[in-house]
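Quick note: numbers below take in every heavy atom, side chains included, and nothing from hydrogens, waters or symmetry partners. Numbering of ligands and ligand atoms starts at 1, following listing order. For this chain, numbers begin at 1 and follow the sequence in order. Remember, predicted model here, so these are calculated numbers, not experimental data.
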Amino acid sequence: MKLIRIPSFLILAIAMLFAGRTRTSSMPAPPPAPAPNFILVAHSGAGDISKAPPEFIESRRTGMVVAIKKGYAILAAGGTSLDAVEATIRSMEDSGLYDSGRGAYYTRDGIPEMDAAIMDGKTLAAGSVAALQHIANPIHLARLVMEKTPHVMLVGTGAERFAESQGIELVSPYYFYNERLWQQYQRAKEKADEDKKKSSAIPDDPMREHGTVGVVALDQHGNLAAGTSTGGTTYKMPGRVGDSPIIGAGTYANNESCAVSGTGIGEFFMRNIVAADICERVRYLHVPLEQAANDVVMKELVDQKGEGGVIALDHQGNVATPFNTTGMITGTVRPDGKIEMKGWSKTAEPEIVSATQ
Ligand code: ASP
């Protein structure tokens with residue numbers, strides 16, 4: 001009689017299949033894992049870009065999508081909101097397309113000076129830097145201030161010396177050279193020189209453009225973070241510091257309320273502690289995020305002629321992006337990977353772009 005030999009690996013595979021079947025039929029199926037909940041919102045400055053060439057608006061939108069993809073990848077992989085905020089802002093700083101990092105606007109001295117801040121909503125740890133002239137990525141230095149010093153804010157040469165101690169290479173002001181901004185600076189300077197009496201006022205920027213960048217994010221662990229990076233307002237006085245690096249004015253995050261990054265004429269945001277005011281309304285008055293953000297940006301700031309806008313995000317994933325200017329480009333991404341881009345005008349229809357392609 002001929003014996004049929006069954007290979008032992010086949011016997012093992014059949015046994016495993018039966019064992020698996022028995023287990024699944026006798027045990028209740030585990031509940032489906034909750035869908036990951038995370039969200040990231042970015043802005044690239046509130047202002048009037050209605051007279052800007054379409055290519056300019058398009059380049060800023062594209063730069064934002066590239067940046068948001070970086071933050072999205074971190075959040076989707078279970079990374080922290082702090083890492084996502086920093087990576088997204090770094091990308092915008094490096095692009096040279098915004099008033100931050102490589103594209104920072106010139107001061108009246110013709111040299112960019114940059115401010116940035118980052119805040120962790122879980123611990124309330126915060127780091128900020130101001131009046132930097134030689135740092136390519138101010139948001140990274142702000143993060144190092146938060147994590148490697150006992151302080152919240154470092155400015156000017158002290159901040160740059162700390163950067164060197166952390167292995168960050170100082171760059172020459174030529175690193176920030178930008179022909180378009182240089183021409184804009186020259187025009188503003190000529191105008192100011194023409195009328196010495198007005199030289200302490202902020203000369204009119206023909207495009208009234210702002211390009212500060214900011215990001216707020218909620219990660220899968222339920223933690224909020226906020227960050228902002230800027231070269232400040234056009235033709236600002238050397239040494240002037242705006243709201244962006246002031247915790248509670250232009251940047252704030254608290255897991256108990258919300259995360260906010262602001263943009264606009266910083267002096268108004270500082271006087272009104274805009275970011276903290278929005279979050280404290282949510283925390284103490286229990287008003288919905290949208291109402292809190294609208295009341296501050298569309299009523300209080302408007303009453304004072306304080307131009308600007310904010311991106312705000314609460315721990316439940318609610319988002320508000322009010323602006324009282326004609327535009328503020330924002331991009332918002334959730335776990336489905338669809339980036340909702342809007343805000344290049346008050347009436348712009350949102351556009352959806354994939355974060356995974
Ligand atoms: N808020 C920034 C500042 O005053 C400028 C801006 O958002 O465009 O420095």
Side-chain angles (χ1 to χ4, degrees), residues 41-49 52 56 60 64 89 92-93 97-101 103-108 111-118 128-133 138-139 142 153 155-156 176 178 181 184-185 188 201-216 226-252 260-278 293 296-297 301 304-312 321-330 343-344:
V41 188
H43 74 76
S44 64
D48 184 359
I49 47 173
F56 174 84
R60 278 201 169 174
M64 186 180 282
I89 291 181
M92 289 196 274
E93 286 176 340
L97 294 167
Y98 311 97
D99 175 23
S100 78
Y105 295 172
Y106 293 97
T107 63
R108 292 181 193 192
I111 295 174
E113 285 185 2
M114 293 154 290
D115 308 333
I118 193 162
S128 91
V129 286
L132 306 176
Q133 293 187 348
I139 194 69
M153 186 174 203
V155 305
F176 305 98
N178 178 312
L181 295 176
Q184 199 170 300
Y185 162 73
I202 298 167
D204 214 23
D205 168 3
M207 282 187 355
R208 294 162 63 93
E209 109 191 15
H210 294 262
T212 292
V213 302
V215 177
V216 290
T228 314
S229 180
T230 186
T233 43
T234 320
Y235 206 64
K236 68 182 180 184
M237 291 171 71
R240 177 264 188 192
V241 173
D243 61 311
S244 310
I246 307 293
I247 299 304
T251 307
Y252 192 71
V260 173
S261 169
T263 165
I265 308 294
E267 283 68 13
F268 291 92
F269 282 65
M270 290 153 92
R271 292 183 197 118
N272 289 277
I273 44 163
V274 165
D277 189 13
I278 293 170
V296 173
V297 174
L301 284 182
Q304 299 168 42
K305 299 195 174 26
E307 279 184 13
V310 300
I311 50 172
T321 60
F323 53 95
N324 60 37
T325 51
T326 46
M328 181 178 81
I329 300 178
T330 60
W344 40 97

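Among G264, G242, G232, the residue whose heavy atom sits closest to atom 2 (C) of ligand 1 is G264. The residue among T234, D243, I246 with a heavy atom at the shortest distance from atom 3 (C) of ligand 1 is D243.
Checking side-chain atoms of Y235 against main-chain N and O of Y106 turns up no donor-acceptor pair under 3.5 Å. Of the possible polar contacts, one joining the D99 side chain to the G231 backbone as a donor-acceptor pair under 3.5 Å is found.
Atoms of ligand 1 found under 4.0 Å from any heavy atom of T233 (numbered from 1 in listed order, with element): 4 (O), 9 (O). Interface of T212 with ligand 1, defined as ligand atoms under 4.0 Å from a residue heavy atom, comprises 2 (C), 5 (C), 6 (C), 7 (O), 8 (O). Applying the 4.0 Å criterion to heavy atoms of T263 picks out, from ligand 1, the atoms 6 (C), 7 (O), 8 (O).
In this structure, the separation between OG1 on T321 and CE on M328 is 5.0 Å, given to the nearest 0.5 Å.
For ligand 1, the polar-atom distance check against H210 finds a nitrogen or oxygen pair separated by under 3.5 Å. At least one N or O atom of G266 sits closer than 3.5 Å to an N or O atom of ligand 1. Ligand 1 has no N or O atom lying under 3.5 Å from any N or O atom of T230, backbone or side chain. Residue E267 has no N or O atom closer than 3.5 Å to an N or O atom of ligand 1. Every N/O-N/O distance between D115 and ligand 1 stays at or above 3.5 Å.
In terms of heavy-atom proximity, G101 sits nearest to P138 at CA-CD, 4.4 Å.
Salt-bridge formation is detected for the pair R240/E267: a Lys NZ or Arg NE/NH1/NH2 atom is positioned less than 4.0 Å from an Asp or Glu carboxylate oxygen.
For A130, the side-chain contact (heavy atoms from CB on, under 4.5 Å) test picks out D115, M153, V155, V241, P245, with sequence neighbours left out. Taking R271 as the reference, nothing meets the salt bridge (Lys or Arg N to Asp or Glu O under 4.0 Å) condition, with sequence neighbours excluded.
Counting heavy atoms under 4.0 Å from ligand 1, residue R240 touches it through the side chain alone.
When each of S128, S261, S244 is tested with T228 by the rule side-chain hydrogen bond (donor to acceptor under 3.5 Å, both in side chains), just one qualifies, namely S261.
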